[in-house]
Amino acid sequence: MPKLIRSNSQKDYENNLKDGTCCGEDREVDYIKHTALGGKNSVFPLFQGEVIDFEYEFLKSYLFILDSGRLQDKRLKIKNFSAMGTISHPVIIPPLVTSADESGKVLIDNDIIYALVNFDGSDYQVTVFLKLMLNYGHESTKHFISVLGIQPDSFKTKELSDYLRAESVRHSYYKNKVLSMSVDEQRLDIQELSTDEFAGEGLEQIYVPDAVKNELQRFCSCVEHYNRHRLGLRFLLCGEPGTGKTKSVRAIINACLGKATVLYIQGEIIFKKLFKFAELLQPCIICLDDFDLIVGSRDNRFSPRSLGAFLQELDGFRKNDIFILATTNDKELIDKAASRPGRFDLVIDFSRLDKNNYFDLIQTNCIDERVLSVFDDKFMNELRKKRVTGAFITNLIKQLEIKNQINPDEDLQTYANNLIELSYQGFYKKKQEKEMSFGFNGHDD
């Protein structure tokens with residue numbers, strides 16, 4: 001039996017294998033004793049390590065696209081690629097592709113895949129698989145990569161495992177896409193969003209002060225030149241509904257399409273898993289809408305567990321290169337520890353739309369001449385008098401366009417006057433709470 005010894009370098013590790021010894025210092029390495037080559041014993045190394053669930057998916061996809069020839073790698077060649085049907089029905093079958101994009105990147109449905117690969121001139125057997133674990137009656141899933149050297153000079157099992165993990169992330173199916181995500185303890189739910197959803201969104205269409213717009217453009221520039229400085233920005237956008245926060249986020253996403261992976265978070269969030277995923281796909285933008293509902297503060301009913309988990313992730317040194325766009329209607333609802341300098345680089349207050357920008361907004365969002373004709377001087381004065389928000393104007397245009405399509409003979413001017421009066425009452429929470437307007441910023445002068 002080969003003697004287990006301590007080694008501190010890859011070179012020592014390879015020499016020990018040649019001498020019939022095996023390294024065991026935190027490398028998760030085992031070995032197989034094999035008698036061959038004229039009766040001479042040789043040690044065949046096996047590296048097996050646990051990977052996180054998304055890396056598991058990336059690895060399966062990467063090996064598949066290498067085997068298909070859609071991607072070339074000078075150091076790595078696939079000689080054979082197959083999969084297991086199911087754990088309960090263990091037959092070797094071709095891999096099952098569930099999704100593919102225009103670049104040939106895919107998602108593989110099989111739980112276990114096998115690949116015979118040649119890495120730097122030597123052959124290895126690579127297995128990517130999952131295990132169902134049972135601990136005190138609780139079932140969980142763990143994911144692994146196993147690399148077995150099958151030739152006397154196949155010593156780079158650990159190096160091959162690390163290489164595959166790095167390259168699979170770089171060529172991931174999800175890289176530089178816009179994703180809707182929900183992250184809980186048991187699973188990661190990812191849905192790809194169509195880029196068409198953000199078509200037409202632009203910073204030039206947002207009516208905010210130039211100083212604010214310049215900072216939003218700086219955010220986009222940092223994403224575009226991420227490989228130069230490798231630092232992320234964290235912005236918290238604050239303001240009442242209709243002031244342009246969400247539209248600004250959508251415009252930034254549109255400006256960064258194909259340059260970064262965008263994670264639009266919905267539903268439950270486990271911040272540790274979320275940030276791990278983001279680290280793999282840098283540059284990465286995490287979008288947290290209604291941030292106050294996600295983390296809240298230690299003084300209100302929201303769980304301090306979410307707040308603590310978020311702060312812990314933000315304080316990690318490696319997290320400085322992840323981009324964050326968070327929005328809130330009221331920054332007072334967010335714990336000061338979460339919004340202090342250092343955790344967010346900039347807190348931007350979005351104020352109501354300037355009355356002088358009303359018509360610019362209308363022309364940007366409306367191309368129907370009949371609908372545009374509604375906004376005459378008298379009607380515009382009424383909008384200014386009621387101090388409507390940008391979101392209200394955009395919604396009003398939408399309602400008028402729908403009405404014009406359904407009833408083209410209807411008097412749109414009369415309909416618009418009735419609609420604004422109805423909305424003026426409907427968008428207030430309570431008449432006596434004059435500051436609690438939703439669609440409007442104030443009452444009649």
Discussion item. With side chain to side chain contact (heavy atoms under 4.5 Å, CB included) as the criterion, how do Phe129 and Ser146 come out once you've worked through the C-alpha distance, each side chain's angles and the decisive distance to 0.1 Å?
Written reply: CA-CA 8 Å; Phe129 62 101; Ser146 172; 3.9 Å; yes
Practice prompt. Begin with the C-alpha distance, continue with both residues' side-chain angles, and end with the deciding distance and a verdict on side chain to side chain contact (heavy atoms under 4.5 Å, CB included) for Asp109 and Val97.
Written response: CA-CA 6 Å; Asp109 191 49; Val97 177; over 6 Å; no
Practice prompt. Please step through side chain to side chain contact (heavy atoms under 4.5 Å, CB included) for the pair Val212 and Glu215, ending with a clear verdict.
Written response: CA-CA 5 Å; Val212 172; Glu215 290 305 316; 5.9 Å; no
Worksheet item: What do the steps show when you test Phe198 against Val262 for side chain to side chain contact (heavy atoms under 4.5 Å, CB included), and what is the final call?
Response: CA-CA 12 Å; Phe198 305 94; Val262 179; over 6 Å; no
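Crowding of Asp411 atom CG: a count of heavy atoms from other residues, nucleotides or ligands under 6.0 Å exceeding 12.
Taking the side chain as every heavy atom from C-beta outward, Val374 and Asp376 never approach each other to under 4.5 Å. Leu203 places a side-chain heavy atom less than 4.5 Å from the side chain of Leu216. Taking the side chain as every heavy atom from C-beta outward, Met181 and Tyr264 never approach each other to under 4.5 Å. With contacts defined as side-chain heavy-atom distances shorter than 4.5 Å, the pair Ser82/Ile113 does not qualify. The shortest distance between side-chain heavy atoms of Leu76 and Leu160 falls below 4.5 Å. Inter-residue side-chain proximity for Glu382 and Lys378 is flagged as unmet; no heavy-atom pair is nearer than 4.5 Å. With contacts defined as side-chain heavy-atom distances shorter than 4.5 Å, the pair Leu400/Phe375 qualifies. At a threshold of 4.5 Å between non-hydrogen side-chain atoms, the residues Ile285 and Leu263 do not count as touching.
For Arg370 (side chain) and Pro408 (main-chain N/O), a donor-acceptor pair under 3.5 Å exists by modelled atom type. Under the 3.5 Å distance criterion, the side-chain polar atoms of Asn407 are left unmatched by any main-chain donor or acceptor of Asp409. Although no hydrogens or angles enter the test, the distance criterion places a donor-acceptor pair under 3.5 Å between the side chain of Lys60 and the main chain of Ile108. Listed for the Asp67 side chain is no donor-acceptor partner under 3.5 Å among the backbone atoms of Ile78. Side chain of Lys142 to main chain of Glu50: no donor-acceptor pair is present (N/O by atom type, distance under 3.5 Å, no hydrogens or angles). Here the side chain of Asn110 pairs a donor or acceptor atom with the backbone of Leu96 at under 3.5 angstrom. The closest donor-acceptor contact from the side chain of Arg75 to the backbone of Gly121 lies at 3.5 Å or more, if one exists at all. Although no hydrogens or angles enter the test, the distance criterion places no donor-acceptor pair under 3.5 Å between the side chain of Ser154 and the main chain of Gly149. Ser161 places no side-chain N or O within 3.5 Å of a backbone atom of Thr157 that could act as its donor or acceptor partner. Of the possible donor and acceptor atoms, one in the side chain of Thr327 sits under 3.5 Å from a partner among the backbone N and O of Asp290.
To the nearest 0.5 Å, atoms CG (Asp123) and CG (Leu148) are separated by 11.0 Å. Here the NZ atom belonging to Lys245 is positioned 13.0 Å from the CG atom belonging to Leu325, to the nearest 0.5 angstrom. In this structure, CG in Leu71 is found 12.5 Å from CZ in Phe64, a value given to the nearest 0.5 Å. Going from atom CD1 of Ile112 over to atom CD1 of Ile92 covers 8.5 Å, rounded to the nearest 0.5 Å. Note that CG of Leu237 and CG of Asp289 are 9.5 Å apart. Values are rounded to the nearest 0.5 Å. Atom NZ of residue Lys79 and atom OH of residue Tyr124 lie 12.0 Å apart, to the nearest 0.5 angstrom.
Between Tyr226 and His229, the ring planes lie perpendicular to each other; the angle is over 60°, past the 30° to 60° tilted range. Under the 30°/60° scheme for interplanar angles, the aromatic rings of Phe219 and Phe323 are found to stand perpendicular.
Note: Phe291 and Phe344 meet the aromatic proximity criterion, with ring centroids under 6.0 Å apart. Between Tyr114 and Phe81, the ring centre distance reaches or exceeds 6.0 Å.
A donor-acceptor contact under 3.5 angstrom links the side chains of Asp73 and Tyr163, judged on distance only.
Ala251 and Gly202 get closest at one heavy-atom pair: CB-C, 3.6 Å. In plain terms, the two heavy atoms of Gly49 and Phe47 that are nearest each other are N-CE2, 3.7 Å. Of all non-hydrogen atoms in Leu281 and Val169, the two that sit nearest each other are CD2-O, 4.1 Å. Residues Ala278 and Cys284 approach most closely at O-CB, 3.6 Å, considering heavy atoms. The nearest pair of heavy atoms linking Tyr56 to Asp111 is OH-O, 2.5 Å. The two residues Asp345 and Gly232 come nearest to each other via the heavy atoms OD2-O, 4.0 Å.
A salt bridge does not link Lys276 with Glu279: none of the charged nitrogens is closer than 4.0 Å to a carboxylate oxygen. Of the charged side-chain nitrogens involved, at least one lies within less than 4.0 Å of a carboxylate oxygen, so that Glu197 and Arg250 count as a salt-bridged pair. Salt bridge annotation for Lys398-Glu401: absent, with no cationic side-chain nitrogen under 4.0 angstrom from a carboxylate oxygen.
Figure legend: cation-pi geometry between Lys131 and Phe144, with NZ or CZ positioned under 6.0 Å from the six-membered ring centre and within 45° of its axis. Annotation: cation-pi pair Lys403/Tyr415 present, NZ/CZ under 6.0 Å from the ring centroid and within 45° of its normal.
Looking at Lys77, Lys74, Lys156 one by one, the single match for salt bridge (Lys or Arg N to Asp or Glu O under 4.0 Å) with Asp120 turns out to be Lys156.
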